[in-house]
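The structure appears below as structure tokens.
By convention in this document, chain letters (A, B, ...) are assigned in the order of the sequence lines, proteins followed by strands, and residues within each chain are numbered from 1.
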There are 2 protein chains.
Amino acid sequence: MSVHQRKERERADRERLIVATARELAEQQGWDAVTTRRLAERIEYSQPVLYSHFRGKREIIGAVALEGAAEMAAAVRTAASAADGPRSRVAALARAYLDFAQRNPAVYDAMFQLDGGLAFAHEDTPEPLKDAFAALLESLGGVAGDGVHPGLFTEVFWAALHGLATLTRAGRLPPEHTEWRVELLVDRLAIV
Amino acid sequence: MSVHQRKERERADRERLIVATARELAEQQGWDAVTTRRLAERIEYSQPVLYSHFRGKREIIGAVALEGAAEMAAAVRTAASAADGPRSRVAALARAYLDFAQRNPAVYDAMFQLDGGLAFAHEDTPEPLKDAFAALLESLGGVAGDGVHPGLFTEVFWAALHGLATLTRAGRLPPEHTEWRVELLVDRLAIV
DNA sequence: AGGGAATTCTAGCACTGCTAGACAATCGAG
DNA sequence: CTCGATTGTCTAGCAGTGCTAGAATTCCCT
């Protein structure tokens with residue numbers, strides 16, 4: 001019985017190793033460099049081992065995305081709770097969001113840019129994704145303004161942050177005045 | 001002399017055919033289905049012909065993106081000029097933008113999601129891209145509000161639209177209340 | 001009509017995600 | 001402690017990708 005448990009533990013360890021290695025490789029050299037061969041070589045197993053843990057590359061991306069969602073939710077909550085007053089809390093949330101996207105570009109891609117095979121906006125959406133949205137809602141729901149549905153407001157605010165994050169990182173927006181853009185966004189959208 | 005001209009004309013025709021076919025194929029079956037082999041087969045030439053017109057697949061995507069940028073600029077200008085009053089003009093612009101993204105998903109991907117090898121926010125940015133931004137600026141610069149740089153305001157508004165477009169299309173936002181989101185965005189961001 | 005230049009195609013490289021089937025390690029029963 | 005069976009892992013390969021060298025063809029001009 002104990003042998004079986006040990007094996008399961010080792011298997012779970014290896015699965016975590018795969019996800020962590022994929023993430024590391026993606027952050028270092030981009031997702032294009034994350035091939036099944038390179039990934040297998042880095043974890044010191046052969047390719048087919050990957051397929052005994054995940055259905056395919058897409059599911060590995062999905063696993064990185066879920067990990068990232070949990071971290072982002074935590075980062076956003078931490079930043080929001082450290083601020084006082086609704087205005088500065090929203091601003092802190094926005095900065096934390098953009099900061100996370102900039103510091104973990106590959107993870108952010110896994111979450112929103114690539115196909116990780118994850119369902120969104122359904123009841124079968126994985127818990128970490130729903131929780132990440134909930135983390136935004138907690139701080140944003142209160143500044144939606146009268147008669148505006150908190151969820152809808154959060155969606156719009158989130159979309160704006162997402163747009164800033166992706167356009168900036170893709171070189172579509174000059175990276176200089178990021179802080180001013182955040183200020184403008186918070187000042188206009190949030191009703192304090 | 002005239003023979004040479006005819007050849008150049010035919011060559012230009014073929015180049016347009018390549019771009020149009022790539023776009024068509026991408027809209028029909030997604031960019032993943034646009035392989036050099038399939039594309040070559042559809043234009044009834046062999047693969048290497050593609051490389052006598054473009055450096056590679058990336059440049060073909062870039063060509064589709066430029067075509068799309070020109071069309072989007074036109075669509076935005078048309079919608080804006082048909083509206084009266086700054087408020088409804090901004091709303092019309094926003095709807096036109098999101099409408100374009102929804103109706104031409106592959107083109108929108110070529111412009112903003114994929115790597116078309118295009119430079120942004122530099123002086124060597126291709127003209128159609130600069131003009132598309134200019135089209136937004138024309139209608140948005142006037143509602144930036146006192147003391148807010150029109151270009152910066154346009155960037156933020158654009159980012160918000162881009163976020164809505166991508167998150168909606170990727171299934172990250174439920175497609176229902178799109179119109180409400182637009183209303184909220186325009187009401188809050190634009191100062192009329 | 002035929003030499004020369006421009007154009008196009010055939011065939012192939014190194015790579016991708018993924019998998020069937022051969023092989024090796026491990027476990028439980030006698 | 002040994003042996004058969006099960007589990008786990010690897011080797012080798014498939015069909016596909018973007019891209020290119022060099023052969024083959026077509027076309028133009030004298």
Side-chain angles (χ1 to χ4, degrees), chain A residues 1-19 21-23 25-26 28-65 106 109-110 114-118, chain B residues 1-19 21-23 25-26 28-65 106 109-110 114-118:
Chain A
M1 197 55 182
S2 167
V3 173
H4 189 235
Q5 287 182 349
R6 193 205 70 219
K7 288 214 162 189
E8 282 202 343
R9 199 177 54 238
E10 286 173 353
R11 216 185 129 72
D13 283 346
R14 195 171 63 179
E15 188 158 318
R16 273 189 291 274
L17 176 63
I18 292 173
V19 176
T21 306
R23 175 176 178 168
L25 193 49
Q28 284 172 359
Q29 312 182 34
W31 278 106
D32 279 353
V34 184
T35 68
T36 54
R37 285 183 228 293
R38 250 192 290 262
L39 188 49
E41 195 190 7
R42 285 230 183 173
I43 64 168
E44 296 181 312
Y45 281 94
S46 67
Q47 285 181 324
V49 166
L50 300 174
Y51 293 87
S52 76
H53 289 272
F54 301 95
R55 283 176 184 278
K57 191 183 170 181
R58 149 187 310 206
E59 265 197 8
I60 297 176
I61 296 174
V64 173
D109 280 347
L114 303 176
D115 180 12
L118 302 176
Chain B
M1 196 54 179
S2 165
V3 172
H4 190 235
Q5 288 180 349
R6 195 206 68 218
K7 287 213 163 191
E8 282 202 343
R9 200 178 53 236
E10 287 174 352
R11 215 185 131 71
D13 283 348
R14 195 172 63 180
E15 187 157 319
R16 273 188 292 273
L17 177 64
I18 292 173
V19 176
T21 305
R23 175 176 178 171
L25 194 49
Q28 284 172 0
Q29 312 183 34
W31 276 106
D32 279 352
V34 184
T35 68
T36 54
R37 285 182 228 293
R38 252 192 288 265
L39 187 51
E41 195 190 8
R42 284 230 183 174
I43 65 169
E44 296 180 312
Y45 282 93
S46 67
Q47 283 180 295
V49 166
L50 300 174
Y51 293 88
S52 77
H53 289 271
F54 303 94
R55 285 177 183 277
K57 191 182 171 183
R58 150 189 308 209
E59 264 197 9
I60 298 177
I61 296 174
V64 172
D109 280 347
L114 303 175
D115 180 12
L118 302 176

Take atom [atom1] in [X]; do more than 12 heavy atoms of anything else shown fall under 6.0 Å from it?
X	atom1	answer
B:Gln29	CD	yes
B:Arg11	CZ	yes
A:Glu44	CD	no
B:Asp32	CG	no

Indicate, with a heavy-atom threshold strictly under 4.0 Å, whether A:Arg11 touches base, sugar-phosphate, or nothing.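 Touches nothing.
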
For A:Ser46, which contact category applies under a 4.0 Å heavy-atom criterion: base, sugar-phosphate, or nothing?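 Base contact.
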
Round to the nearest Å and state the distance from B:Ile61 atom CD1 to D:dG18 atom C1'.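 After rounding, the gap between these two atoms is 11 Å.
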
Could you state the atom-to-atom distance from CD1 of B:Ile60 to C1' of D:dT17 in whole Å?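 In whole Å, D:dT17 C1' and B:Ile60 CD1 are 14 Å from each other.
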
Look at [X] and [N] and indicate whether a side-chain polar atom (N or O) is within less than 4.0 Å of OP1 or OP2.
X	N	result
B:Thr35	D:dT17	yes
A:Arg37	C:dC18	no
A:Tyr51	C:dC18	yes
A:Arg14	D:dT9	yes
B:Thr36	D:dG18	yes

Residue A:Pro48, side-chain heavy atoms: nucleotide from C:dT8, D:dT11, D:dT20 that is nearest: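 Shortest atom-to-atom distance from the side chain points to D:dT11.
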
Presence of donor-acceptor pair under 3.5 Å, side chain of A:Gln47 and base of C:dC18: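 Yes, a donor-acceptor pair under 3.5 Å.
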
5'-most contact on DNA chain C: B:Tyr45 or A:Arg38, nearest heavy atom basis?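 Closer to the 5' end of DNA chain C: B:Tyr45.
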
